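A short write-up of the structure that comes next.
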Amino acid sequence: MNPTIQPLRGMNDVLPADMPWWHFLESTAHGLLDAYGYQEIRLPLLEQTTLFKRAIGEYTDIVEKEMFSFDDRDGDSLTLRPEATASLVRAAISNGLLHNQRHRLWTAGPMFRGERPQKGRYRQFHQIDVEAFGFVGPDIDAELISLSARLWQRLGLSKVRLELNSLGTPESRLVYRERLVEYFTRHHALLDEDSRRRLQGNPLRILDSKNPELAEMIAAAPALEASLGDACRAHFDGLQQALTDAGIAYTVNPRLVRGLDYYSRTVFEWVTDALGSQNAVCSGGRYDGLIPLLGGEPTPAIGWALGEERIVLLMQELGISPPGVQPDVFVVIVGERASRAGLAMAEKLRDAHPGLKVHAGLGGGGFKAQFKRADKSGATVAVIIGDDEADRGVAQVKHLRMETAQTTCAFAEVPLQVAALLGATDGR
RNA sequence: GUGGACGUAGCUCAGCUGGUAGAGCCCCGGAUUGUGAUUCCGGCCGUCGCGGGUUCGAGUCCCGUCGUCCACCCCA
């Protein structure tokens, strides 16, 4: 045997056993987005490296050390997208979607970041990403958050809570940033190593520190809220009012700052305590300034992204079982002559009832083995064909979940009998 | 990127101070030769992540490497 090949670090196979949760999440989200009037857009996985440098910020960790970048044959630097927003904005600009227009868009797929893997944090991970362009007011902020809240509700997800903050405008943030740097510089002796590093690059992130020794000093730091302008203040108030109207609970977390540079005003995060340290399952915010940065007409914009792996993990953690995918019918096939008749019967059932889930008991085995498989498959009804039946042109039809007699039917009668038994179960 | 734990059958794991691998589950077959549970019997499955070193001898010790997990960092 040849040596086996290990998968790449942080790159996972999503196995059949987990797919029901993925489908549940994706189909629920898809349905909800449709219902809210959001349109799907599909984007390339590769973009010019410049896009992310400009959008996310040249000096963020993501761009500095986590991107999968490489040169193509022409020497151009390409990057596997580390997030969707930049690509989506680029696509909107490339296709002229931003000329005095409004758009509600969503996309889903894999993202790539070269981080050290951990549970709920992978190098290839999947996001569902929702963005709205051209809406100024806090109403769209509230709609987007309501949409996410409704998604949790539909998925049966508890143990998530909403945290909210406003970062103000880039200008006011700059002023605040200076005050913060001034404050932390004054307390430089108290800062840990990480925070000293952050003081250079992204001082706002110090507010987010998990180090309990810094808690007291951080709590006394100037509050971002105080440097909010009137317009931002009103926007934030409007959002909170709308959320209260919608009955969505939230807490304002003044220390909630985002890792990406492009956010302004509203930022929010759905967090959980159930997944260890990777506690953010969905986060987003407003980024009114990003589009001109990428060469588009100034357009207000807001969006969020959820991590599919984290949601799936959380659903499993909470014991949420997705809708089953059990077959309706299992065709028990035993014997040489039964083999042909069995296959034909499975097809006949599919012809007669297009939506019917039919598993054919291929692969041989005796009656005992076939019935074990039928039982394990979760099928409701078994259609049984042995050599005996094949010779006589009949099949046995048996309900596997109810104590009723097994009946013998001519081949032609089988679809009807099957439908009758399924009807007895769930009113189909 | 930093610190730590770990990597033995498809899965969960055992294997003490080094002497050439075990259990349970799963799967397959059988228990009056055509029917799903339980029980019982039998069977299949591993180059002990990979590479090197020490040793008469390594799953067991050492080094390297790849991967997983946890915390930090970062973030979905």
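Residue numbers begin at 1 in each chain, while the letters A, B, ... track the order of the sequences. Since this is a predicted model, take the numbers as computed values, not measurements. Side chains included, hydrogens not; waters and symmetry mates left out as well; all remaining heavy atoms used.
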(message) If I take atom CG in residue D208(A) and atom P in nucleotide A76(B), what distance separates them, rounded to the nearest angstrom?
(response) 11 Å
(message) Checking contacts here: which listed nucleotide (G36(B), A76(B), C27(B)) is nearest the side-chain heavy atoms of F371(A)?
(response) G36(B)
(request) Could you tell me whether the phosphate oxygens of C75(B), OP1 or OP2, come under 4.0 Å of any side-chain nitrogen or oxygen in S283(A)? (result) no
(request) Of all the heavy-atom pairs spanning G386(A) and F367(A), show the shortest one and how long it is. (result) CA-CZ, 4.0 Å
(message) Could you check whether the side chain of R116(A) and the base of U2(B) have a donor-acceptor pair of N or O atoms closer than 3.5 Å, going by distance alone?
(response) yes
(message) Can you check the distance between U47(B) and G51(B), where both ends of the measurement are the P atom (answer in whole Å)?
(response) 11 Å
(request) Starting from the C-alpha separation in whole Å, work towards a yes-or-no answer on side-chain hydrogen bond (donor to acceptor under 3.5 Å, both in side chains) for Y250(A) and Q240(A). (result) CA-CA 9 Å; Y250(A) 63 89; Q240(A) 293 185 52; 3.1 Å; yes
(request) Tell me which nucleotide among C74(B), A76(B), G67(B) gets nearest to the side chain of R113(A). (result) A76(B)
(request) Evaluate the criterion side-chain hydrogen bond (donor to acceptor under 3.5 Å, both in side chains) for residue pair Q396(A) and E389(A); output intermediate values, then yes/no. (result) CA-CA 8 Å; Q396(A) 315 277 347; E389(A) 284 81 3; 3.1 Å; yes
(message) Parallel, tilted or perpendicular, judged at 30° and 60°: which one describes the rings of H126(A) and W22(A)?
(response) perpendicular
(request) Measure from the side-chain heavy atoms of R373(A) and tell me the nearest of G34(B), A76(B), C28(B). (result) C28(B)
(request) Give the rounded distance in Å between these two atoms: NZ of K376(A) and P of A37(B). (result) 10 Å
(message) Rounded to whole Å, how long is the line connecting atom OH of Y263(A) with atom P of C75(B)?
(response) 10 Å
(message) Taking only the C1' atom of each, what is the distance from G22(B) to G59(B) in whole angstrom?
(response) 12 Å
(request) Select base, sugar-phosphate, or nothing to describe what Y122(A) touches, counting heavy atoms under 4.0 Å on all strands. (result) base
(message) Roughly how many Å apart are C50(B) and C6(B), using the C1' atom of each and rounding to a whole number?
(response) 16 Å
(message) Taking donor-acceptor contacts at under 3.5 Å, does the side chain of Q278(A) reach the base of A71(B)?
(response) no
(request) Assess R102(A) against F135(A): is NZ or CZ under 6.0 Å from the centre of the six-membered ring, and within 45 degrees of the ring's axis? (result) yes
(message) Counting the atoms with a prime plus P, OP1 and OP2 as sugar-phosphate, which does R197(A) contact under 4.0 Å by heavy atoms, base, sugar-phosphate, or nothing?
(response) sugar-phosphate
(request) Describe the nucleic acid contact of E389(A) in one word from base, sugar-phosphate, nothing, applying a heavy-atom distance below 4.0 Å. (result) base
(message) Salt bridge check, E193(A) against R196(A): does any charged N sit closer than 4.0 Å to a carboxylate O?
(response) no
(request) Consider the side chain of K368(A), meaning its heavy atoms from C-beta on, and name the nucleotide among A71(B), C73(B), A31(B) that approaches it most closely. (result) A31(B)
(message) Applying a 4.0 Å non-hydrogen cut-off, can you work out what A374(A) is touching in the nucleic acid: base, sugar-phosphate, or nothing?
(response) nothing
(request) Look at the side chain of P117(A) and decide which nucleotide, out of G67(B), C69(B), C72(B), has an atom nearest to it. (result) C69(B)
(message) Would you measure the distance from the P atom in C27(B) across to the matching atom in U17(B) and give it in whole Å?
(response) 36 Å
(request) Please state how far atom CH2 in W152(A) lies from atom P in A76(B), giving the value in whole angstrom units. (result) 13 Å
(request) For nucleotides G19(B) and U33(B), find the distance between their P atoms and express it as a whole number of Å. (result) 49 Å
(request) Quickly work out the E403(A) CD to U35(B) C1' distance and round it to whole Å. (result) 13 Å
(message) Ignoring hydrogens and geometry beyond distance, is the side chain of R121(A) in donor-acceptor contact with the base of C74(B) at under 3.5 Å?
(response) yes
(request) For nucleotides U38(B) and A5(B), find the distance between their P atoms and express it as a whole number of Å. (result) 42 Å
(request) Determine, step by step, whether H353(A) and D328(A) satisfy the side-chain hydrogen bond (donor to acceptor under 3.5 Å, both in side chains) criterion, reporting the C-alpha distance in whole Å, the side-chain angles of both residues, the deciding distance to 0.1 Å, and the verdict. (result) CA-CA 11 Å; H353(A) 307 297; D328(A) 300 304; over 6 Å; no
(message) Does G10(A) reach a base, just sugar-phosphate, or nothing at all? Heavy atoms under 4.0 Å.
(response) sugar-phosphate
(message) Heavy atoms only, 4.0 Å cut-off, all strands: where does R123(A) land among base, sugar-phosphate and nothing?
(response) nothing
(message) Any base atoms under 4.0 Å from Q370(A), or only sugar-phosphate, or nothing? Heavy atoms, all strands.
(response) nothing
(request) Write down the distance separating the P atoms in A21(B) and G46(B), rounded off to the nearest Å. (result) 13 Å
(message) Regarding A369(A), tell me which of base, sugar-phosphate or nothing describes its non-hydrogen contacts under 4.0 Å with the strands shown.
(response) sugar-phosphate
(message) I'd like to know if R205(A) reaches the base of C73(B) with its side chain such that a donor and an acceptor end up less than 3.5 angstrom apart.
(response) no
(message) Once you apply a heavy-atom cut-off of 4.0 Å, does I128(A) come out as touching a base, just sugar-phosphate, or nothing?
(response) nothing
(message) Using the six-membered base ring of G34(B), report whether F367(A) stacks on it, requiring centroids under 5.5 Å and planes under 30° apart.
(response) yes
(message) Over all strands shown, is Q118(A) touching base, sugar-phosphate only, or nothing at heavy-atom distances under 4.0 angstrom?
(response) base
(request) Could you check how far CG of N211(A) sits from P of C73(B), rounded to whole Å? (result) 8 Å
(request) Would you kindly give the NZ-to-P distance between K119(A) and C72(B), to the nearest whole Å? (result) 15 Å
(message) Once hydrogens and angles are ignored, does a donor-acceptor distance under 3.5 Å link the base of U35(B) to the side chain of K398(A)?
(response) yes
(message) Over all strands shown, is V334(A) touching base, sugar-phosphate only, or nothing at heavy-atom distances under 4.0 angstrom?
(response) nothing
(request) To the nearest Å, give me how far apart CZ (R198(A)) and C1' (U2(B)) are. (result) 14 Å
(message) Taking U12(B) as the reference, what is the distance to A37(B) when you measure between their C1' atoms (whole Å, please)?
(response) 24 Å
(request) For Q406(A), answer base if it contacts any base atom (sugar-phosphate contacts may also be present), sugar-phosphate if it contacts only those atoms, and nothing otherwise; contact means non-hydrogen atoms under 4.0 Å. (result) base
(message) Check the orientation of W152(A) and W270(A). Use parallel for under 30°, tilted for 30 to 60°, and perpendicular for over 60°.
(response) perpendicular
(message) OP1 or OP2 of A76(B) versus the side-chain N and O atoms of R310(A): is any pair under 4.0 Å?
(response) no
(request) Name the nucleic acid region contacted by K372(A), choosing base, sugar-phosphate or nothing; use a 4.0 angstrom heavy-atom cut-off, strictly under. (result) sugar-phosphate
